[in-house]
Amino acid sequence: MTRRGAAPFAAAPNRFERVYAVVRRIPRGRVATYGQVAALAGLPGHARFVGYALAALPAGSRVAWQRVVNAQGRVSARRDGAGVEALQAAMLRGEGVRFGPDGAIALAAFRWRPGRGGR
DNA sequence: CCACTGACGAGTG
DNA sequence: GCACTCGCCAGTG
């Protein structure tokens, strides 16, 4: 195709799609960090982009956006927050993800690790 | 077309 | 450990 500058992917539809595809692969009861998702999507270093992609998610999408947390294992607060972060935390707890006393998830135990036997 | 914004992360002082 | 800066991409006014 026409060279997309330095696009590492030839048939890459939209980068958003790549991000969504990765997020969909996160198994229930596990979480991934923005940076991790970005890297898996072939966009290393673009953690911010992942956040934006998720923010642009249409309502009703099956993307498990709630399983994406920041590098600290905490739910990132949105600008227009409206308690959505609380909902996200509740959803995760419902999947078996446990939060520490400081409200952070122990990534060492719950971080999704693809390519290692599945989980 | 320009400027600003937005679910982040790593580095620096 | 905290405050600040830079980088990255796409959408919107």
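Below, read A as the first sequence line, B as the second, and so on, with proteins coming before strands; counting in each chain starts at 1.
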Which whole number of Å gives the distance between the P atom of C:dT5 and that of B:dC4? 16 Å

Interatomic distance at P, C:dG13 relative to B:dA7, whole Å: 16 Å

CD of A:E85 versus P of B:dC8: gap in Å, rounded? 11 Å

With heavy-atom distances below 4.5 Å as the criterion, would you say the side chains of A:I26 and A:V31 are in contact? no

Of the listed nucleotides (C:dA10, B:dC8, B:dA7), which one gets closest to any side-chain atom of A:R15? C:dA10

Around A:R24, counting heavy atoms of other residues, nucleotides and ligands shown, do more than 12 lie under 6.0 Å from its CZ? yes

Interatomic distance, A:Y20 OH vs B:dA7 C1' [rounded to whole Å]: 11 Å

Rounded to whole Å, the CZ-P distance (A:R18 to C:dA10) equals 13 Å

A:Y52 OH - B:dC4 C1' separation (whole Å): 11 Å

Using a heavy-atom cut-off of 4.0 Å across all strands, would you classify A:A55 as base, sugar-phosphate, or nothing? base

Report yes if a side-chain nitrogen or oxygen of A:R78 is closer than 4.0 Å to either non-bridging phosphate oxygen (OP1 or OP2) of B:dA7; otherwise report no. no

Detail all sub-3.5 Å separations between protein N/O atoms and N/O atoms belonging to nucleotides 4-8 of chain C.
residue	atom	partner	partner atom	Å
C:dC8	O3'	A:H46	NE2	3.1

How many Å lie between CD on A:Q72 and P on B:dA7, as a whole number? 16 Å

Can you tell me the distance, in whole Å, between the CG atom of A:L87 and the C1' atom of B:dA7? 14 Å

Spacing of A:I105 atom CD1 relative to B:dA7 atom C1', expressed in whole Å: 13 Å

I'd like to know if A:V69 and A:V19 are part of one continuous hydrophobic network [Ile/Leu/Val/Met/Phe/Trp/Tyr, side-chain heavy atoms within less than 4.5 Å]. no

Do A:N70 and A:T33 make a side-chain contact, defined as non-hydrogen atoms from C-beta onward lying under 4.5 Å apart? no

Applying the 4.5 Å side-chain criterion to the ILVMFWY set and letting contacts propagate, would A:M91 and A:W112 be lumped into a single cluster? yes

Measure OH/A:Y34 against C1'/C:dC9 and give the value in whole Å, please. 16 Å

Does the gap between the ring centers of A:Y34 and A:F49 come in under 6.0 Å? no

Quick one, A:Q88 and A:R67 - any side-chain contact, counting heavy atoms below 4.5 Å? no

